[in-house]
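For reference, the structure discussed in these notes is given below.
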Amino acid sequence: MADKGVIMRCVIISGSPDTNSDFLSEVIKPDDYVICADRGCDFAKQAGITPNLVVGDFDSEPNVLFPNTKTVRLIPEKDDTDTMHSVGLALEKNFDTIVILGALGGRFDHSFANVAVLSYIHEHGSKGVLLSEKEKIEFLPVGHYEYKNFKGKTFSLFPFGCPSVCVSYSGTKYPLEKYCVSSSVTLGVSNIFTSDMATIDIYDGNAILIINLKEC
């Protein structure tokens, strides 16, 4: 279990077919607690990463890949995805931050479900991030947020789980001041960080922030 007062990070490797195993090697740190969600085992093996825990219904038989790693076997017919179940286990261990890799790309419904998981993580007291070599996605409730060293990166922001979000931007190409962005419009698409220190303030509602780390 994570120690109180010590910032600890859990990394969950999901099974998107777009997962880059080289990227996993770059971002996973030696002291991260790593959970593989089903097909995430294959990508972890390719990256030379041994997880602390593997979770799923395991059609691919992960014991062949990690015979000495604790395994939580799930039945195929279940209410939660393998990723969501992994998140629940991470929350039980009280991690401050949960980073989910291999969660974007492939089927859109799977990617969208993983975005929704960020809201669930927030509701249960932790910070969730979806991360790929192309994108970083965060859930932003009411609060003040600072973004350092993203100058030149494109970002988009949308209301999530609410009709609208009241937001201010500074250090961006298109600044806003307490502007109400509706869920039925596309105003939040394709802004650009123009400063090494940009800020986003959420005054009402919740938002999903998508930072494009690589331009397509």
Side-chain angles (χ1 to χ4, degrees), residues 7 9-10 12 14 16 18 79-81 83-88 90-91 95-216:
I7 297 176
R9 189 173 84 152
C10 177
I12 296 172
S14 296
S16 167
D18 291 352
D79 293 331
D80 289 340
T81 63
T83 299
M84 185 66 162
H85 197 90
S86 299
V87 165
L91 290 170
F95 288 103
D96 299 275
T97 301
I98 301 173
V99 179
I100 308 177
L101 310 175
L104 302 171
R107 283 175 49 177
F108 176 75
D109 55 342
H110 287 180
S111 296
F112 187 84
N114 289 330
V115 171
V117 167
L118 297 180
S119 176
Y120 181 86
I121 293 172
H122 166 72
E123 290 172 359
H124 289 77
S126 294
K127 170 71 175 178
V129 179
L130 302 184
L131 187 63
S132 75
E133 60 182 336
K134 296 179 181 178
E135 295 162 318
K136 179 179 183 180
I137 302 179
E138 299 179 344
F139 176 82
L140 303 185
V142 171
H144 173 78
Y145 303 91
E146 297 180 349
Y147 293 90
K148 300 178 182 179
N149 303 319
F150 285 103
K151 184 176 181 179
K153 302 297 184 184
T154 301
F155 73 93
S156 298
L157 183 145
F158 306 101
F160 193 79
C162 53
S164 63
V165 60
C166 182
V167 60
S168 292
Y169 304 149
S170 68
T172 64
K173 183 175 182 179
Y174 307 110
L176 292 176
E177 181 63 33
K178 292 189 176 180
Y179 190 90
C180 183
V181 179
S182 170
S183 61
S184 61
V185 300
T186 59
L187 178 72
V189 173
S190 294
N191 208 326
I192 300 173
F193 291 115
T194 56
S195 171
D196 287 327
M197 170 59 85
T199 64
I200 296 176
D201 288 280
I202 306 293
Y203 301 100
D204 184 62
N206 304 307
I208 287 293
L209 175 69
I210 304 168
I211 301 175
N212 295 291
L213 304 176
K214 288 186 178 180
E215 298 299 329
C216 298

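Numbering of residues begins at 1 and proceeds along the displayed sequence. Please read these numbers as outputs of a predicted model, since none were measured by experiment.
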Does the S164 side chain pair with the main chain of C180, one donor and one acceptor, at a distance under 3.5 Å? no
Do L140 and I200 pass the side chain to side chain contact (heavy atoms under 4.5 Å, CB included) test, and can you show the C-alpha distance, the side-chain angles, and the key distance before you say yes or no? CA-CA 9 Å; L140 303 185; I200 296 176; 4.3 Å; yes
Would a distance-only check, ignoring hydrogens and angles, find a side-chain to backbone donor-acceptor pair under 3.5 Å from N191 to S156? no
Pair S170-T199, side chain to side chain donor-acceptor pair (under 3.5 Å): steps then yes or no: CA-CA 5 Å; S170 68; T199 64; 2.3 Å; yes
Does a salt bridge link E135 with K214, judged by any charged N lying under 4.0 Å from a carboxylate O? no
Side chain to side chain contact (heavy atoms under 4.5 Å, CB included) evaluation trace for T186 with F158: CA-CA 8 Å; T186 59; F158 306 101; 5.7 Å; no
Determine the interplanar angle of the F160 and F139 rings, folded into 0 to 90°, and report it as parallel if under 30°, tilted if 30 to 60°, perpendicular if over 60°. perpendicular
If only atom types and distance count, is the side chain of D204 paired as donor or acceptor with the main-chain N or O of C166 below 3.5 Å? no
Value for CG (L118) from CD (E123), rounded to nearest 0.5 Å, stands at 11.0 Å
I need the L157 CG to L187 CG distance, nearest 0.5 Å. 9.5 Å
Does some side-chain heavy atom of I192 sit less than 4.5 Å from a side-chain heavy atom of K153? no
When you measure from the side chain of S126 to the backbone N and O of F95, does any donor-acceptor pair fall under 3.5 Å? yes
Output for pair (M84 CE, N114 CG), nearest 0.5 Å, gives 10.0 Å
Test applied, side chain to side chain contact (heavy atoms under 4.5 Å, CB included); reference residue, L130; option that passes from V117, I100, I98, I208: I100
Taking the side chain from S168 and the backbone from K178, do they hold a donor-acceptor pair closer than 3.5 Å? yes
Do E138 and Y147 have side chains that approach each other closer than 4.5 Å (heavy atoms only, starting at C-beta)? yes
Could you tell me whether the side chains of S184 and S182 share a donor-acceptor contact shorter than 3.5 Å? yes
If you measure from CD on E146 to CE on M197, what distance do you get to the nearest 0.5 Å? 4.0 Å
If we ignore hydrogens and angles and just use 3.5 Å, is the side chain of H124 paired with the main-chain N or O of Y120 as donor and acceptor? yes
Could you tell me if K173 sits above the aromatic ring of F193, with its cationic atom closer than 6.0 Å to the ring centre and no more than 45 degrees from the axis? no
Donor-acceptor contact below 3.5 Å, side chain S16 vs main chain L104: yes
For a 4.5 angstrom cut-off between non-hydrogen side-chain atoms, does S195 reach K151? no
Is there side-chain contact between Y203 and V165, with at least one heavy-atom pair below 4.5 Å? no
Please tell me if the side chains of I121 and V87 come closer than 4.5 Å, counting only heavy atoms from C-beta onward. yes
Are any non-hydrogen side-chain atoms of V99 and R9 less than 4.5 angstrom apart? yes
Check whether any side-chain heavy atom of S14 sits under 4.5 Å from a side-chain heavy atom of I12, and report yes or no. yes
Any side-chain heavy-atom pair from P159 and V181 closer than 4.5 angstrom? yes
Write down the atom of L213, the atom of E133, and the distance for their closest heavy-atom approach. CB-O, 3.8 Å
Quick check, are the ring centers of Y169 and Y145 under 6.0 angstrom apart? no
Give a yes or no on whether the backbone of G171 and the side-chain of T194 come within a donor-acceptor separation of less than 3.5 Å. yes
Minimum heavy-atom separation for L131 to L101, with atom names? O-CD2, 3.5 Å
